[in-house]
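These notes are about the structure you will find just below.
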2 protein chains.
Amino acid sequence: MTRKSGDASRSTIRDVAARAGVSASTVSRVLGGVYPVSAATRGSVMRAVRELDYVADARAKAIAGAGTPTLAFVLEDITGPSFAHMAHGVEREATRLGHLCLVCSTEGDVRNELEFVEMMRSQRAAAVILVGGTADTPAYRERTQRMADSLASVGSRLVLCGRPPLDPGAPVTVIEYDNEGGAHTLVTHVLAQGHRRVLFLGGRADHTTALGRERGYLAAHRARGLTPDPSLVLHGDFTRDAGHRLMHQALVDGLEFSAVVAATDMVAAGALTALHEAGLKVPDDVSLAGYDDIPFARDLHPALTTVHVPYEELGRLAVRTALEHTPGTPDEHLLLGTHVVVRDSVGPGAVTA
Amino acid sequence: MTRKSGDASRSTIRDVAARAGVSASTVSRVLGGVYPVSAATRGSVMRAVRELDYVADARAKAIAGAGTPTLAFVLEDITGPSFAHMAHGVEREATRLGHLCLVCSTEGDVRNELEFVEMMRSQRAAAVILVGGTADTPAYRERTQRMADSLASVGSRLVLCGRPPLDPGAPVTVIEYDNEGGAHTLVTHVLAQGHRRVLFLGGRADHTTALGRERGYLAAHRARGLTPDPSLVLHGDFTRDAGHRLMHQALVDGLEFSAVVAATDMVAAGALTALHEAGLKVPDDVSLAGYDDIPFARDLHPALTTVHVPYEELGRLAVRTALEHTPGTPDEHLLLGTHVVVRDSVGPGAVTA
DNA sequence: TTGAAAGCGCTAACAT
DNA sequence: ATGTTAGCGCTTTCAA
């Protein structure tokens, strides 16, 4: 038992003042730092602070004008590797800039997002960062536009990180990366190996991240004068289980293909296992590529060819850009590049399907 | 451009009151919910609220006694899969119980931890959850005991989640899982396959998580009347890179072993790749096991035998237990069980080394 | 059912 | 250099 002051009997600045024989303002000044205070006064105040184990109530400071600023980020599930990396970038940069960092997992439920954003509005968070792709419906745009406006009205800022921009004029900071470009380059690489029937695997059918990558897949084909078979695009979600299930099903269905481009590395991992289970060798029998370049990609066997996305940088930039934003200034929209990481999972394919 | 009220001109409860032609208290009561207010009054207040797009300042509410409670969790790096799962559990349960959730990554620097805990004390967070193992030094115990006391003194609660308990009497809630037991069972399984020279790979030498697992490794040997060769324990850290590097070095050094037990699945993943690179087959030439049972473990090739840890549950319990704690009540200490997941990476070993 | 007034814990302008 | 006095935006007695 080492507890000093009685439990939960938080002492206030006035207790400290009384104990030190000075006024509350003096205590505030001593603790504040830079204001001129005599050494003697400072001494007795500090002693009182120590004896009482006093810490100023941050909420009271906040409301009085001082106080640590806060920033929030919202994602579907911190458990996804790319989410985790963005979150890490956000947290690091926020901390570096002296902000407290609130999180919320929506579990994919929009109502959670709405509710949380409203909460952040009342918290007067400096910025709210929506992390990760979404279904880009009119309802989404309208809803998000509203969030942007209502945050702006209390001096806060909405940030879309890895999420598509709204209509021009919305008070939003957007930090994206090039889903389409990355997929384009990746699929071009695959096609260059001679593959002609390339499966696109996983990702929610209505999800901007999946759609962007799919657009790249399509564009790469077209750029070569190829028209991909529509039955070669299989949707699901972004999990390893979806990859496993879809791949297994494709095999059972006797779908013809010589290469697989997965919507994410997670999907690719599941697909790889399904391929192995079917006795297929990668890349000898089937080539496989992923997207995201999560750390594990190197340890799949064969090591996974994939697209590297600067997730952490994305998170950092989201924070920095949002906090630097000056109202009245044009809204920022950044698009970060990606690059293909060639490893061992894509090999030559017969040109004749 | 849809912004309604002038930018950043947050309206206050008084603005709403004025607009609705009532007093501030009435507005407060209407918004508060359960207090009796006439339908007419409620109507005009709500309209004013809507027109002004008013949200009560959460900080002001907090200081006035109402206000959403807050909870914080601290971890080294959200990017680690097991951390991410604990974080997810924490966040879910906190949200479920109506709490806001603050995060902090320490990046392994104790000063960040100290600073953040002090911050949380001033935020009057309901609880602060320290997530993940650590070096269990006297300095650590003293420091942490101090955090526990100082949090308790403001009515907050320190929680150790996946981290060793302090000396009895410290005002702390502890939720652990059985590192030693899990490793014991796992290594027993490996030894039962006939392996006699089992490498223990990775983990920081001074880290409780690694040490607990190592103790289980040792105990399993002793239980069979075996004395493991001390040169078979190789420390590093918990990353896949460490696993790769250590495994590679062990191979170069010509260390003799027929099985490898990695401190974590991440380490195992790196080790597996190093093994493959050396042309060794798992489990034919060398058996390999991990610890944590992260989702990817299934997709390594061969699928990794490992120990399942209920990380998410751990996080959830940490929150629930902490928030349910009543001062004066005995301090909780939970120890969750683990179980071995047998997959394909451990095979029979020659009994003669 | 509603309003006036006090107070939450702090900071800051305004005196001395 | 230090104390006094107002607030900050909200809730909550206490009266009416």
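Lettering follows sequence order; numbering is per chain, from 1.
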Review point. side-chain hydrogen bond (donor to acceptor under 3.5 Å, both in side chains) between A/Arg92 and B/Ser105: does it pass, once the steps are laid out?
Key: CA-CA 7 Å; A/Arg92 288 288 65 207; B/Ser105 299; 4.9 Å; no

Practice item. Can you figure out which of C/dT2, D/dT11, C/dC10 approaches the side chain of B/Lys61 most closely? Key: D/dT11

Exercise for review: Given side chain to side chain contact (heavy atoms under 4.5 Å, CB included), test A/Asp149 with A/Gln145 step by step and report yes or no.
Suggested key: CA-CA 6 Å; A/Asp149 287 330; A/Gln145 166 89 43; 3.3 Å; yes

Check your understanding: For the side chain of A/Ile13, counting heavy atoms from C-beta on, which of D/dA1, D/dT11, C/dC10 is nearest?
Key -> C/dC10

Point to revise | Within 6.0 angstrom of A/Met119 CE, more than 12 heavy atoms from elsewhere | key: yes

Check your understanding: Could one point to a donor on the side chain of A/Ser25 or the base of C/dA12 with an acceptor on the other under 3.5 Å away?
Key -> yes

Review point. Just how far, in rounded Å, is P of C/dC10 from CZ of A/Arg59?
Key: 10 Å

Exercise for review: Specify the separation, in whole Å, of atom CZ of A/Arg29 and atom P of C/dA15.
Suggested key: 14 Å

Check your understanding: Between D/dT12, C/dT2, D/dG3, which nucleotide has the shortest distance from any of its atoms to the side chain of B/Ser28?
Key -> D/dT12

**Study point:** Sugar-phosphate only, base, or nothing, as touched by A/Thr26 at under 4.0 Å among non-hydrogen atoms
**Key:** sugar-phosphate

Review point. Over how many whole Å does the gap from B/Leu31 atom CG to D/dG9 atom P extend?
Key: 16 Å

Check your understanding: Roughly how many Å is it from CZ in A/Arg14 to P in C/dG7, rounded to a whole number?
Key -> 10 Å

Exercise for review: Return the 5'-most residue of the pair B/Arg42, B/Ala64 with respect to DNA chain C, ranking by each residue's nearest nucleotide.
Suggested key: B/Arg42

Point to revise | Between C1' of D/dC8 and CG of A/Asp57, the distance in whole Å | key: 13 Å

Practice item. Quickly work out the B/Ile63 CD1 to C/dG9 P distance and round it to whole Å. Key: 7 Å

Exercise for review: Please report, rounded to the nearest Å, how far the C1' atom of D/dG9 is from the CG atom of B/Leu52.
Suggested key: 15 Å

Review point. Closer to the 5' end of DNA chain C via nearest nucleotide, is it B/Gly65 or B/Ser23?
Key: B/Ser23

Review point. Given atom CD of A/Gln123 and atom P of D/dC8, what is their separation to the nearest angstrom?
Key: 20 Å

Check your understanding: Is it true that atom CD of B/Glu118 has more than 12 heavy atoms of other residues, nucleotides or ligands lying nearer than 6.0 Å?
Key -> yes

Check your understanding: So does B/Glu51 pair up with B/Arg47, basic N to acidic O under 4.0 Å?
Key -> yes

